[in-house]
2 protein chains.
Amino acid sequence: MPARRVTIRDVARAAGVSTTTVSAALTGNGRVSPETRDRIMRVAEECGYVASAAARSLRLGRSGAIGLYVPDRTVGFEYYAHLSRGAAEAALAHGFALTLLPAWPDAAPLRTLHLDGLIVCDPALGDPVAEVLRSLPVPMVTCERDPEPGASPAGVVASDHVAGTTVLLDHLAGQGAASIAALVPGEETSFGQETRRACRESDHDVRMVEVPLAYDPDDIARALAEARADEPDAIMVVPDGGALVALHLLQAEGVRVPEDLLLASYVDALSLQVARPTVTAVDIDPRATGASAVNALVDLVVGEVSGPVLTSVPTHLRVRESTSPA
Amino acid sequence: MPARRVTIRDVARAAGVSTTTVSAALTGNGRVSPETRDRIMRVAEECGYVASAAARSLRLGRSGAIGLYVPDRTVGFEYYAHLSRGAAEAALAHGFALTLLPAWPDAAPLRTLHLDGLIVCDPALGDPVAEVLRSLPVPMVTCERDPEPGASPAGVVASDHVAGTTVLLDHLAGQGAASIAALVPGEETSFGQETRRACRESDHDVRMVEVPLAYDPDDIARALAEARADEPDAIMVVPDGGALVALHLLQAEGVRVPEDLLLASYVDALSLQVARPTVTAVDIDPRATGASAVNALVDLVVGEVSGPVLTSVPTHLRVRESTSPA
DNA sequence: AGCATGTGCGGAAACGTTTCCGCAAGAGCG
DNA sequence: CGCTCTTGCGGAAACGTTTCCGCACATGCT
């Protein structure tokens, strides 16, 4: 026997006022005397009243849900798991629901979701899903800049990867690396563009080798072989998870890290802390990134802010054994 | 200038029928002649009509959203990333939205979300969030059985981990392991209960060492040391990610895998395929698990099925280098 | 006192669906 | 022909909010 839901009218009757007043009291929008407001809130609490999201959505023309899109190629990367969690927490704190968007090349089902806003992680040039999402008539904030020429998302949350990469390169040089090999992703993503730029403009001797963002272990192996041809003193692997592959390959060949070769990752991960040796990396705080993206998007949705928003998330170098000989 | 949304009334006018007929045509619920139906669908398409989820929810008393809860302790595990993706895809295919639920000890904000159903991953004894979710008045399906004594979720999607673990143990024995050490989680979760049972009831010589489900690398190290005290021929690590830690620790000590010691993981992961040696594991198909959970839940929500649903997801042993000496 | 202004509250419309019911016309049947 | 049953469709209510507007009264000012 599903008890009929308690509506605003029930509360109004119980409190001896009109629904208008109840609404005003609970939303804080109209004019209500403080005493009446308190009484209504108490009564509402007692009745177990909780406003119908559907009715409110219908009236307000806002669904109370925001979508999060994580590119298919990177599902499984630890980074996005934590980003998602941060986003979900922030959303709930604002009373919004965070809807997970699968890669879906068709816009129609996405339209039926009626999202108030979108968060797109690491938009890549030519990603058909990103394309579709950009076409939806709602504000969008991207985690990392959108590399698409014409695109201008309403908000961007990003770390300064040029700076982050530079710090890591400086650290490697400071540990005695005269020449550094960098396994970097391509230019199809802002993340790739920035980390590459840092390598290009570095004061040190950095040689880049490209590895796909959605790499196969074999891709890392190939790139690693190419990188080692120049006999570098240190290797920096940028994509998430790539450094671990490299570490295994090196160890399988009998190369000692860090004695024979320094190894560092750009994207930090738990597995880098459990690897032996533990691997130096840059913590780019995915949880904070997710939370910031939601906060920015909510501001845009409720109209507290109109212009494009740019939020920066700080990065932290985590020095570990793989770059600390002796 | 946000163009007014096109409603069912607009379509009705354009097609020269009533809103009743349009609704009947689009939902397939009432009585409409085939010709009229086709015409209406064409007109709706042309107008770019897409039904308001809010209005439909209000009328139907269903929100069209289902919640997915992943325990905080395991966020970051690859397994859940793929499970989430499978769930999101299946949900969208049914026209539902998948809402990510953060660990949140308070029921109130969760109530405001108005979910039609819940998916809870790996419910653990004493998890306060699971407790809260169980109290919500909506059907719930769990991925893995709910170990809570009184609890009876409306549906369960699970693999047979007793069988899966047994297959893996048999494989190790078949590769020549006379004695096997198993690093297993505790009994607070059905997953732990089943994998332990398989160890207890195994035909082979299996010694269990407990490691927390939300382990710290040091926990693995401790458990590994304890396990190796008996000089086993093989080690099976059950929790996601744990085998990788073990592999690193062993290699750091100069133990050769698989020559000196066989190593296997229960939960498969990409990192096990890229490790050197590659690590044998059991693929428990998280994506299928997520999709099945959503399918079962949707059936329950739309009322196509009433009794408790039990779905089984098959497991596959992936034999790799770490258990293949010579 | 007369007037403008502000405060506290209620009536009722509107948001966009779905569905119950009813009506007219046609079909089938004796 | 008269009856019932079916088919195709429309009117209108209902889902639960929020908000525009208006009313009555109190307050402050000249």
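Here A:R59 does not reach the OP1 or OP2 of D:dT19: none of its side-chain N or O atoms lies under 4.0 Å away. Between D:dG10 and B:T21, a contact under 4.0 Å exists linking OP1 or OP2 to a side-chain N or O. Residue B:S52 places none of its side-chain N or O atoms closer than 4.0 Å to OP1 or OP2 of C:dG16. The side chain of A:T7 places no N or O atom within less than 4.0 Å of a non-bridging phosphate oxygen (OP1 or OP2) of D:dG16.
Residue A:N29 contributes atom CG, which lies 16 Å from atom P of C:dC9 at whole-angstrom precision. As a whole-Å value, the separation of A:R62 CZ from D:dT17 P is 16 Å. In this structure, the CD1 atom of A:I40 is 7 Å from the P atom of C:dC9, given to the nearest Å. The distance from atom CZ of A:R5 to atom C1' of D:dG16 is 8 Å, rounded to the nearest whole Å. The CG-P distance, from B:L58 to C:dT19, rounds to 13 Å in whole Å. For the pair B:R9 CZ and D:dG10 C1', the computed distance is 13 Å after rounding to whole Å. Atom CZ of A:R13 is separated from atom P of D:dG16 by 12 Å (rounded to the nearest Å). Computed from coordinates, the A:R56 CZ to C:dT17 C1' distance equals 19 Å when rounded to whole Å.
Note that OH of B:Y79 and CZ of B:F191 are 8.0 Å apart. Values are rounded to the nearest 0.5 Å. Atom CG of B:L83 is separated from atom CG of B:D122 by 9.0 Å, given to the nearest 0.5 angstrom.
Under the 3.5 Å distance criterion, with hydrogens and angles disregarded, a donor-acceptor pair is assigned to the side chains of B:Y69 and B:D127. Side-chain atoms of A:D285 and A:H82 form no donor-acceptor pair, as typed in the model, at a separation below 3.5 Å. Counting only N and O atoms by type, the side chains of B:S18 and B:T21 include a donor and acceptor under 3.5 Å apart. Using modelled atom types and a 3.5 Å distance limit, the side chains of A:S292 and A:T289 yield no donor-acceptor pair.
Here the nucleotide nearest the side chain of A:Y49, chosen from D:dA12, D:dC9, D:dT17, is D:dT17. For B:R31, counting side-chain heavy atoms from C-beta on, the closest listed nucleotide (D:dG16, C:dG22, C:dG10) is C:dG22. Taking every side-chain heavy atom of A:I8 into account, D:dT18 is the closest of D:dT19, C:dG16, D:dT18. Distance from the side chain of A:V17 is smallest for C:dG10 among the nucleotides D:dG11, C:dC9, C:dG10.
Comparing B:S33 and B:L60 by the nucleotide of DNA chain D whose heavy atom lies nearest to each, the residue mapping closer to the 5' end is B:S33. Nearer the 5' end of DNA chain D, as judged by each residue's closest nucleotide, is the contact made by B:R39, out of B:R39 and B:A55.
The residue B:T27 sits close only to the backbone: its heavy atoms come under 4.0 Å of sugar-phosphate atoms, none of a base. B:T36 comes within contact range of the sugar-phosphate backbone alone, with a heavy-atom separation under 4.0 Å but no base atom that close. Among the atoms of the strands shown, base atoms are found under 4.0 Å from some heavy atom of B:T20.
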